[in-house]
Protein chains: 2
Amino acid sequence: MTVIEKVQKGLSVANTKKREPSHTTISRTLGVAIVTGEFEPGSVLPGEIEIAESYSVSRSVVREALRMLSARGLIESKPKIGTRVRARELWNLLDPTLLEWMFEAAPPPHFVRSLFELRLIVEPAAAELAARKKTARQLASMGHALEEMAKHTLSKPEGQLADQEFHAAILEATDNEMLVSLSASIGAAVRWTTYFKFRNNKKPHDPIEEHRALFEAIADGDGERARAVTIKLIEQAERDTQRVLEQ
Amino acid sequence: MTVIEKVQKGLSVANTKKREPSHTTISRTLGVAIVTGEFEPGSVLPGEIEIAESYSVSRSVVREALRMLSARGLIESKPKIGTRVRARELWNLLDPTLLEWMFEAAPPPHFVRSLFELRLIVEPAAAELAARKKTARQLASMGHALEEMAKHTLSKPEGQLADQEFHAAILEATDNEMLVSLSASIGAAVRWTTYFKFRNNKKPHDPIEEHRALFEAIADGDGERARAVTIKLIEQAERDTQRVLEQ
DNA sequence: ATACTTATATTCTCCGACAAAAAACACGCG
DNA sequence: CGCGTGTTTTTTGTCGGAGAATATAAGTAT
């Protein structure tokens, strides 16, 4: 598995289960609170000392956590003013970490709509590119992922992992590093929708046949067909997701 | 202050005249060094104390700067190991700040190719969406930006600002917040190419007519035409950029 | 009422010390 | 010699305290 594939799947590159430093924890805790709307844009967070006391850490830890949030554009600090949450338009909604945080709660419907609209723009074009630029090695890696997927189905974690591997191989085949970054972000969101679809026992459509068709289109170098199949795949996923969100 | 910074300052929001905290400065300095390849991925940066001494700041400032870089996924710190630069595949190439840093030096050709490939995927689709979803207010804002652009031409900062306003209005009209984020990233890169095209006195093609055609297509709600014009626009920009990079 | 000065709250910066982690090393044992 | 085991050492992680800088808020004089 290449590093790129791991990125796509959101796996930590060193799969070790190490304890993270506390500034990371605090940063994520505050970040989740912000992106899920617990602190509204424009409002000011508690002062450094108060945060430090409420989490029982030192002020240095809090400051480093706040720097991590300000690097993401979530907050803005000024003396005498405090640390205020920046307007949502100033966030980078394509930051994979931000997306993960966002999915700690149910995201707003217009956000889900935006996501699928974006997928319908990007992924068909990527499939078309992949059909043109694929290498034999990448094709083999797609084929392997496809087999794994057929064996386990999407309801099991192994199958979901294979699905992500399959799509990662497609992205790698486009030979476009910005597309890879973009789909790393999208992947963070897709993982969430997949998770929710199966968590609610809704028995969604198993897209193995479409995946096979996509693979064959790419293998044949038929960009038009690859594009068409990808569109179908995403529209199906959107229907499944809508069904879950409606209740 | 570097030239690029001047350009960006001229184009960004007006009164950004205040001195930034030193952790921000250090973070950007180190970040630029990393993304321009001065520190290669996998290598370890100097220790916190060494960095602190070389910039004449305290270790706390350096630590906060490093946390900002680690939030961007550029570095990874471990006790006894040091702080090492993470693999380029783990960076988020759609982070606008990262892109700005990257353009402090001439970016690698395959990166520029990736960028225009991505623009050709995203922007035509966005134009089509905008043609379908535009509101009167957004249309008016596009019209105003177009006038400004025609008055000043792209060779002056006012004209470049108007150009950005025009495209921002289109993005806003798509009513898709992820698309807006995406083009904020792309915009950071586009500003660079615009700057370089004029810096080299190459007298590129002035795209005012195409912009007007795009505006009319959107106003008419003609998505197909909006898409076609946008493709032309980007292809022209790519040709201009290639001409500049060739020398 | 306006302009200027002062007070105040908050972040910004610095320092010095110790704790924790992980690699490197030394050592003993089979 | 090879191998596990404990020790050393280096580097980041955490802490508490102190003063400086900054921008709002309040007060004062004209």
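Letters A, B, ... are given to chains in the order of the sequence lines, protein chains preceding strands, and every chain is numbered from 1.
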Pairwise distance [atom1]([X]) to [atom2]([Y]) - rounded to 0.5 angstrom:
| X | Y | atom1 | atom2 | answer |
| --- | --- | --- | --- | --- |
| B/H144 | B/M149 | NE2 | CE | 13.5 Å |
| A/S141 | A/E165 | OG | CD | 6.5 Å |
| B/L93 | B/L99 | CG | CG | 6.5 Å |

Quiz prompt | side chain to side chain donor-acceptor pair (under 3.5 Å) assessment of B/E20 paired with B/T25 | solution = CA-CA 7 Å; B/E20 60 187 5; B/T25 310; 3.3 Å; yes

Can you check the [X] [atom1] to [N] [atom2] distance for me, whole Å?
| X | N | atom1 | atom2 | result |
| --- | --- | --- | --- | --- |
| A/E20 | C/dA20 | CD | P | 18 Å |
| B/I49 | D/dT11 | CD1 | P | 9 Å |
| A/I81 | D/dT24 | CD1 | C1' | 6 Å |
| B/I26 | C/dC12 | CD1 | P | 15 Å |
| B/L66 | D/dT12 | CG | P | 8 Å |
| A/H23 | D/dT12 | NE2 | P | 12 Å |
| A/E76 | C/dT10 | CD | C1' | 15 Å |
| B/E48 | C/dC14 | CD | P | 14 Å |

Quiz item: Aromatic rings B/F103 and B/W192: how do their planes relate, parallel, tilted or perpendicular, breaks at 30° and 60°?
Solution: parallel

Is the distance from OP1 or OP2 of [N] to the nearest side-chain N or O of [X] less than 4.0 Å?
| X | N | result |
| --- | --- | --- |
| A/R67 | C/dC12 | yes |
| B/S60 | C/dC15 | no |
| B/S22 | C/dC12 | no |

Quiz prompt | Heavy-atom side-chain proximity of B/F215 to B/L139 below 4.5 angstrom | solution = yes

Self-check item: Sorted by number, the residues of residues 52-59 of chain B with heavy-atom contact under 4.0 Å to DNA chain D
Solution: B/R59

Self-check item: B/R63 side-chain proximity, nearest of D/dT24, D/dT14, C/dT13
Solution: D/dT14

Quiz item: Would a distance-only check, ignoring hydrogens and angles, find a side-chain to backbone donor-acceptor pair under 3.5 Å from B/R67 to A/E64?
Solution: no

Anything under 3.5 Å between a protein N or O and an N or O of nucleotides 4-9 of chain C, put it in a table, one pair a line.
unit_1 : atom_1 : unit_2 : atom_2 : d
C/dA9  : O4'    : A/K80  : NZ     : 3.3

Quiz item: Does atom CD1 of A/I49 have more than 12 heavy-atom neighbours, drawn from other residues, nucleotides or ligands, at distances under 6.0 Å?
Solution: no

Exercise. Determine whether more than 12 heavy atoms belonging to other residues, nucleotides or ligands lie under 6.0 Å from atom NE2 of A/H110.
Key: yes

